[in-house]
Protein chains: 2
Amino acid sequence: MTIKEVCEKYDITPDTLRYYERVGVIPEVNRTKGGIRDYSEQDIKWVENAICMRSAGVPVEMLIEYVSLFQKGNSTIEARCNLLKEARVEVQKQLDKYQNTMDRLNYKISRYEEAVKTGVLTWDAENIKKD
Amino acid sequence: MTIKEVCEKYDITPDTLRYYERVGVIPEVNRTKGGIRDYSEQDIKWVENAICMRSAGVPVEMLIEYVSLFQKGNSTIEARCNLLKEARVEVQKQLDKYQNTMDRLNYKISRYEEAVKTGVLTWDAENIKKD
DNA sequence: TATTGACTTGGAGTTAACTCCAAGGAGTAT
DNA sequence: ATACTCCTTGGAGTTAACTCCAAGTCAATA
């Protein structure tokens, strides 16, 4: 699979894919004789994983460390597991924040929708105090 | 309330608070005769709101626009409501991504925990294909 | 064989959101 | 009144994660 196809599949740019490979977010990708990237199934799995993790704010640095450990073989299984748990703690924290923000947005919007009907805010839109 | 107290309350830096005020993420804050910021209850509500929204990745620019609309009065109620809905769409998208990443992390960690016990990976840790 | 178009590299540039800094002012303890 | 601490400002600097660029290579087509 060419870099272009992978990019279309995941809606990212070639620059981002090359960047991921260059810094080690994914392992080195297969090449043709001419030196052109030819992504294998495995390569694509790594790409998919990187995109998923990055979409939840897992830092590039942590992904690099994970790949580095992976390439050292089975002796790093525990270290990799710990790294994943570390990532999970952060992702969960963020998830909670997003949920909290959704709650606030939903509350404000429901209040605003009432106000849109009447054209007047009878309550203080910003005066939302958490109990 | 002084800037320091607000910072301690929300665990942010004075620089960030001043930055928020400067660019308009929050309205201008009350001052003492000497020109020192003295945050009112309302000011603090705005700070709280800004921090909450920012923690879920709502862009500074959107918050600026919201405050700007707010200051124009009741004629902007519908516009503000639409802005909030726009924000909600994005926050929900991110929330879904975070949940998806959590699922992936949980799956990988559970597999790794099995492997940690035996010291060997009997399955391909990276070969996680979504159906 | 000449051109086309996609690919390659290393390195420089961009962006959002802070974060730091220097110079100076105000309020309080001694 | 002197020292000390915290505050003020405008503007410059930093950071992570891309994103762009120039120069060059390669395979396929006219």
Side-chain angles (χ1 to χ4, degrees), chain A residues 1-26 28-40 43-44 46-47 49-67 86-87 90-91 94 97-98 101, chain B residues 1-26 28-40 43-44 46-47 49-67 86-87 90-91 94 97-98 101:
Chain A
M1 214 176 192
T2 67
I3 198 167
K4 191 156 189 256
E5 288 166 335
V6 178
C7 288
E8 274 159 14
K9 189 166 156 66
Y10 294 109
D11 194 29
I12 50 173
T13 69
D15 270 319
T16 300
L17 268 188
R18 284 191 285 257
Y19 164 72
Y20 281 173
E21 185 178 348
R22 175 154 40 138
V23 302
V25 162
I26 59 174
E28 290 207 350
V29 171
N30 271 3
R31 304 294 180 109
T32 64
K33 295 121 247 165
I36 292 186
R37 289 175 180 80
D38 179 27
Y39 291 78
S40 71
D43 293 331
I44 289 170
W46 279 106
V47 169
N49 190 64
I51 290 170
C52 179
M53 293 299 144
R54 286 294 306 125
S55 80
V58 177
V60 159
E61 206 181 326
M62 192 176 260
L63 301 177
I64 292 168
E65 198 179 339
Y66 183 84
V67 169
E86 219 180 288
E90 295 308 313
V91 172
Q94 265 324 104
K97 283 183 187 166
Y98 274 79
T101 303
Chain B
M1 215 176 189
T2 68
I3 198 169
K4 192 160 189 251
E5 288 166 333
V6 178
C7 286
E8 275 160 12
K9 188 166 157 67
Y10 294 110
D11 194 28
I12 49 173
T13 68
D15 270 320
T16 300
L17 269 187
R18 284 190 285 256
Y19 164 71
Y20 281 173
E21 186 177 348
R22 177 155 37 139
V23 299
V25 162
I26 58 174
E28 290 207 350
V29 171
N30 271 4
R31 303 293 179 112
T32 63
K33 294 121 246 164
I36 291 185
R37 287 175 179 82
D38 179 26
Y39 291 78
S40 70
D43 293 331
I44 289 170
W46 278 105
V47 169
N49 190 64
I51 290 169
C52 179
M53 293 300 145
R54 285 295 304 124
S55 80
V58 177
V60 159
E61 206 180 325
M62 192 176 261
L63 301 177
I64 292 169
E65 199 179 339
Y66 183 85
V67 169
E86 218 180 289
E90 294 308 311
V91 172
Q94 265 322 106
K97 283 184 187 166
Y98 274 79
T101 303

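These values consider heavy atoms only, across backbone and side chains, with no hydrogens, waters or symmetry-generated copies. Residue numbers start from 1 in every chain, and the chains themselves are labelled A, B, ... in the order their sequence lines are given, proteins ahead of strands.
In this structure, the side chains of Y19(B) and D15(B) stay at 4.5 Å or more apart for every pair of heavy atoms. E21(A) is listed as a side-chain neighbour of R37(A), based on a closest heavy-atom distance under 4.5 Å. Put simply, the side chain of Q94(A) does not reach to within 4.5 Å of the side chain of Q94(B), judged on heavy atoms. Between D43(A) and N30(A) there is a side-chain heavy-atom pair separated by less than 4.5 Å. Looking at heavy atoms from C-beta onward, K9(B) lies in side-chain contact with M1(B) at the 4.5 angstrom threshold. Side-chain contact between R54(B) and V60(B): present, with at least one pair of heavy atoms (C-beta onward) separated by less than 4.5 Å.
Nearest heavy-atom pair, Y98(A) versus A56(B), reported as atom, atom and distance to 0.1 Å: CE2-O, 3.2 Å. Between L17(B) and C7(B) the shortest heavy-atom distance is CD1-SG, 3.8 Å. Between L63(B) and A50(B), the shortest heavy-atom contact is CD1-O, 4.2 Å.
Residue K4(B) is classed as a sugar-phosphate contact, given heavy-atom separations below 4.0 Å to backbone atoms only.
In E28(A), the CD atom is not crowded: 12 or fewer heavy atoms of neighbouring residues, nucleotides or ligands sit closer than 6.0 Å.
In this model, the phosphate group of dA26(C) is not approached by any side-chain N or O of R31(B) to a distance below 4.0 Å at OP1 or OP2. Taking side-chain N and O atoms only, R37(B) has a distance below 4.0 Å to OP1 or OP2 of dT8(D).
For K33(B) and dG25(C), the NZ to C1' distance is 16 Å, given to the nearest whole Å. I36(A) places its CD1 atom 16 Å from the P atom of dG5(C), with the value rounded to the nearest Å. The CE-P distance, from M1(A) to dA6(C), rounds to 17 Å in whole Å. Between the C1' atom of dT9(D) and the CD1 atom of I3(B) lies a distance of 12 Å, rounded to the nearest Å.
From one end of the helix from dT1(C)-dA30(D) to dT30(C)-dA1(D) to the other, with five pairs defining each end axis, the axis direction shifts by 10° (rounded to 10°).
Using a 4.0 Å cut-off between charged side-chain N and carboxylate O, K4(A) and E8(A) make a salt bridge.
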Quick one: which protein N/O atoms are closer than 3.5 Å to N/O atoms of nucleotides 17-21 of chain D? Pair and distance per line, please.
| unit_1 | atom_1 | unit_2 | atom_2 | d |
| --- | --- | --- | --- | --- |
| dC18(D) | OP2 | Y20(A) | OH | 3.0 |
| dC18(D) | OP2 | R54(A) | NE | 2.7 |
| dC18(D) | OP2 | R54(A) | NH2 | 3.4 |
| dC20(D) | N4 | D15(A) | OD1 | 3.2 |

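Within residues 5-12 of chain A, no residue has any heavy atom under 4.0 Å from DNA chain C.
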